[in-house]
Amino acid sequence: MRKSYRKMLGLALAPTLAVLVACGGGAAAPTATRLAPQPSPTTAPRATAAATPTSAPARVVPTGQLNVGMRGTGVGLDPHFQAQCHYATWYTRIFEGLTNRAPSGKIEPALATSWDFAPDGKSVTWKLRKGVKFHNGDDFTASDVLWTIERGRTHPSPYLYRTQLDRVSKTTAVDDYTVRMDLGAYFFELPDGWMDVFFGMVPEKYTKSLANPWNDLQRQPVGTGPYKFVELKTNDYFTIEANESYWGMVSKVKTFKTVSVPDATTRVTMLKTGQMDIVEYVPPQMLDDVKKMPNVTLELIKALDTLILMPVTAQPANLAMKDKRVRQALWYAQDVDTMVDKLWRGSAIKANDLIAPGFVGHNDKITPHPYDPAKAKKLLAEAGFAGGLKLRGAYSSGTTAITDEWMEATRLYWADVGIDMKWEKLEGAAMSELTPRKYQGYDMYVSNSRNIGYDPIRDLTFWIHSKGGQSSHANPEWDKMIDPISLIPDPAARLKAIVDAYAVLVGEEVSVLPVFHPLYTVAYRNDKIKEFPMTQGWSVYPRNLNYIVPR
Amino acid sequence: MQRYLLGRLVQSIFTILFVLLVVFVIVRLKGDPAAVMLGENRDPETYAAVRRSLHLDDPIHVQFGAFLGKVFRGDLGYSWYQRRPALEVMLERFPATLQLAGAAFFFSLLLAIPLGVVAAIKRDTIYDRGLKIFALLGQAMPTFWVGLLLIVFVAGYLGLLPAGGRGGPSHLILPAIALGWFPAAAIARLTRSAMLDVLDSDFIKMARVKGVPEQMVIWKHAVKNAAIPVVTLMGLQIAGLLSGAVVTEQVFAWPGVGWITIQSIFGRDFPVVQAAVILLAAIHIAANLVVDIVYVYLDPRVRYLRR
Amino acid sequence: MPLIPATIIAVMLFFAAFAPVVAPSPPNKGSLKEALRPPAWSQGGSWRYPLGTDYAGRDILSRVIYGARVSLSLAALSIPMGVLLGVSLGVVAGYFGGWADIFIMRLVDAALSMPGILLAMVLAGVFGASFLNLVIIIAMVSWPGYARISRGETLSVRERDFVGLARVAGCSTPHILVRHILPNIINSIVVLATLMVGSVILLEAALSFLGIGIRPPTPTWGGMLNEARGYITKAWWLAVFPGAAIAVTVLSINLFGDWLRDRLDPKLRQV
């Protein structure tokens, strides 16, 4: 899980190149709407939830308690100190950002009701929602926004989104409910970037009153969100309660108790016995067991994850990996369909692109290279490796529930075409130590690309450009393909350029070898929960709790 | 005797210091905690600041001195990921481990003492052989394998008990059996040999001659006297159970000290690893000390045997 | 000589030495299409895979046979290392006495007070668990036992006449230690070392099981059990056979060690 945090971190920190967009400065979010996801193809295993949190809610009194079994509870709930991505998302139920992502995928107003870009694109003015109160009763005003930015900037912890903050050169409170941000350069993902996952708004007065303003918010969080914090016992459980005076849709369930059950077998057993009402990450081996359980509904939700093999071409010593034919051979030599069937038991989709289907930037025209060992052998022979090839790869076990199995299966497939693959399992920390050294000593590494921002240029840069945060490449020609894209002013043309670039860089060059899109597996007790609409594309489901209708 | 006790105490302190030194060296030998904390996107200034705040640039003996001072004040460092005292992290998990070890201990006693006594009384019969097989198996099978088998058959195939996790008393049964078998084997063997010694002694023969009922002879006189070495071994087993629980917890997803230790090893959260080793070693050493002291008071002869 | 345990040990040694000949398939070959086949006698099994296959379609029997290689060679390398270290220190402590004795024995007491499995876990976790590292770690965890025994034995041998005579005859100290002391304490060491083989196998298995042992795909018994965890409700054979291999081997070694102790060193019975 630490690994995926790194990914997320990197994604957000990926250098976004200067964007010159002729911006009209309309009132509505100009970019979020134009980059809204394409209608999702029918391959989506499950329909998208229709509810939106802002639709005028009927007053309901939240009742009851649901127990949620998760892989872990995380260590704290301070939006500015998050060490583990997956659990970190729980703070998004307590804190909110200026914007929010609706289940449809659109960016919608949250703590800000509107935002205007100046005609030169160099500043943005936010109108804040009036009458919003923090859980302790303090009013939410412009000074809290300023404080949040200030705190994010100066927080001693490795705050995930600091570089993003650095692009805001100055923040001014025009009045109590108007904030202006001066931007060094216009960056078009701004409204996305201000949603809860990135910038949860922190109460100024309360935080400053804490004995240790840096640390104590972790365990005594106060936000404006739909849930109030009740109790956290690290790695044991953590409880939140519906915020009945929430400005948006109030939760129908009073209490959620999230229990840390790291072992998947136990998690599933606890669902069976009714100790848990919802469990996440049902491992592939247990899907059949869960399907057979009475009163349990299993959901496979299409997520934005892409499991990828990253060839390391930046190292001069990796002659084989620098050869396109070898990279293509690796793709041809693995039988992804059989792995989906035997290892994932259907809980993953074969990937063809870095961006998952249904998300902006996905190119369904890229054909995944079929399983063709003969062709792989031929390509290897052409590249001069007819006599075999020794490769060394690194992976981190936290990537999926069955990473070990996947790596071993890959090793076996590649052995069939004469590649002697040696995988090394590293813990997350060791893996991230390799990143700045461009994975020196390895020919390949394994990762999970989680397209968390909605701008596909980020992923293109992040994984493939020589300056990308997780890139294992230093290929000037690839850089030359990517660089001009961000300068294209017309959004549609820009998106097309991105999609075309993926076709070449992934489909042809195999700079990234996409293998699976794992589905997010959630199972819940349908005798306790009547409706559980889930947001498509988010493997982080705390966001879905609001929509639960209990029995 | 006072001299002996004093010696033992000094020795225990020396041992603790040695453990602390080993822990200190291991943890600092590998891995730059500042680099781990900050990850790939660190800037040199923050990196230097973090190194300073962790005192990583001080000479090593100064660091060790500071480390000792802290440990004796009960400060075992600060979890780098959880941002709270490592000792707190460990202590929070400790009741779960204690519960598991306690249940395993109870199970092993419940099984081992009657088995040992019966085997001694019915020496060289099928009962005796049965005990021998039980004990030998207990010492040959890895606890985690026993655990896995119990999960496969009792929880999976028969569906009788929960496969893991911490919950009601039913959750304790399987892990307690898995963890308790190994010490049960040792305790049963010792009970048997201690009983044989006692049953052979004059005062038991005398009791029998005097016409004390056989049941009474065995359960009142013999067992009581055979208890001394057994109690000692039990004391030593408690410490062993605690560290054995580290592995068993993994099998049964038991949220105890072992689980957090493994997590911290993988995540390189060294202060927590350090706290785990120190805590468990301290218990180990304390248990040894207490056993030795109790031993000396119970039976002054034995210290010569133990030496 | 206990026939059954000795035979089992011999078979395991044979497996370890001639794994490539004995094993029906290579341990790291397999096909996903053959994944999770039950043992031959169950429905759906085949004699191509007598004990079934694992999640990747690898032959369990072959992996168990190769696993013997890892476990036994680890013991074969780490035990002599621990013995060398422990016996040298023990003999020095016992023969010279004084400060050397006090210092070494305090060190031994301290090392014995540390929970071995935890120490091994931390060492393996921090330094990584290559085969060589494991050899060193196991030697580090086991030497104090040898040191304590050899010191005790040396103490009693030292006072015997022939040692005194050798000293009077002007033999050098190293000569006395190697030619006179060592041969007289070797029996106890051999017995202890034999009994340690079982502990080494168990320790290696525990580390591999925890995921901090020798790295996959190298087949090790503990590692196979670790891999079996996700499949125990579906495929019991993944968990049963490697564990049975451990249990049977350790049991045989313990029985053999007991027998050896009775033959060579009845004194040790108390230990």
Side-chain angles (χ1 to χ4, degrees), chain A residues 262-269 272 281-290 292-293 334-345 371 373 392-398 400-416 420-427 429-430 433, chain C residues 25-37 44 49 52-60 62-63 66 121-122 124-131 133 207-220 222-239:
Chain A
D263 182 78
T265 316
T266 317
R267 222 160 41 226
V268 171
T269 314
K272 190 178 176 183
Y281 288 111
V282 177
Q285 309 92 295
M286 303 201 72
L287 290 172
D288 293 341
D289 301 340
V290 173
K292 275 185 239 146
M293 285 180 194
Q334 50 173 8
D335 185 352
V336 181
D337 289 321
T338 304
M339 287 195 277
V340 165
D341 179 35
K342 291 280 185 176
L343 292 181
W344 289 95
R345 284 155 207 277
Y371 178 48
R392 192 159 167 245
Y395 74 97
S396 161
S397 56
T400 73
I402 55 163
T403 319
D404 292 336
E405 284 94 329
W406 170 30
M407 296 303 65
E408 178 60 15
T410 306
R411 192 188 67 77
L412 290 170
Y413 281 127
W414 289 350
D416 290 342
D420 179 7
M421 185 74 212
K422 189 167 181 285
W423 286 114
E424 283 177 27
K425 182 159 142 185
L426 304 176
E427 75 267 43
E433 279 166 23
Chain C
S25 342
N28 285 327
K29 274 264 158 79
S31 154
L32 270 196
K33 297 213 153 93
E34 300 286 312
L36 299 180
R37 287 270 198 142
Y49 310 106
T53 60
D54 67 4
Y55 66 83
R58 296 173 296 190
D59 181 36
I60 303 262
S62 305
R63 289 178 69 74
Y66 271 86
M121 257 168 62
V122 172
V126 171
F127 297 104
S130 63
F131 186 82
N133 278 2
L207 290 178
S208 294
F209 177 74
L210 293 174
I212 43 185
I214 291 167
R215 291 186 184 276
T218 308
T220 66
M224 290 174 76
L225 288 178
N226 185 24
E227 288 169 355
R229 286 171 72 188
Y231 299 86
I232 44 177
T233 53
K234 285 201 141 24
W236 55 268
W237 54 96
L238 299 197

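Chain letters run A, B, ... following the sequence lines, proteins first and then strands; every chain starts at 1.
- Proximity to chain C (any heavy atom under 4.5 Å) is restricted, for Asp288(A), to the side chain, taken from C-beta onward.
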CA sep, side-chain torsions, deciding dist, call: Arg229(C), Glu227(C), salt bridge (Lys or Arg N to Asp or Glu O under 4.0 Å): CA-CA 6 Å; Arg229(C) 286 171 72 188; Glu227(C) 288 169 355; over 6 Å; no

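- By the 6.0 Å contact criterion, NZ on Lys272(A) is open, its count of non-hydrogen atoms from other residues, nucleotides or ligands being 12 or less.
- Contacts of Lys342(A) with chain C are made by side-chain atoms alone, with heavy-atom separations under 4.5 Å and no backbone atom involved.
- Electrostatic pairing of Glu424(A) and Arg392(A) counts as a salt bridge here, judged by a charged N lying under 4.0 Å from a carboxylate O.
- A salt bridge does not link Glu34(C) with Arg58(C): none of the charged nitrogens is closer than 4.0 Å to a carboxylate oxygen.
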Stepwise salt bridge (Lys or Arg N to Asp or Glu O under 4.0 Å) check, Arg411(A) with Asp420(A): CA-CA 8 Å; Arg411(A) 192 188 67 77; Asp420(A) 179 7; 5.7 Å; no

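- Heavy atoms of Asp54(C) lying under 4.5 Å from chain A are absent altogether.
- Interface check for chain A: of the options Ala35(C), Pro217(C), Ala56(C), the most heavy-atom pairs under 4.5 Å are formed by Pro217(C).
- Proximity to chain C is absent for every atom of Met407(A), based on heavy atoms less than 4.5 angstrom apart.
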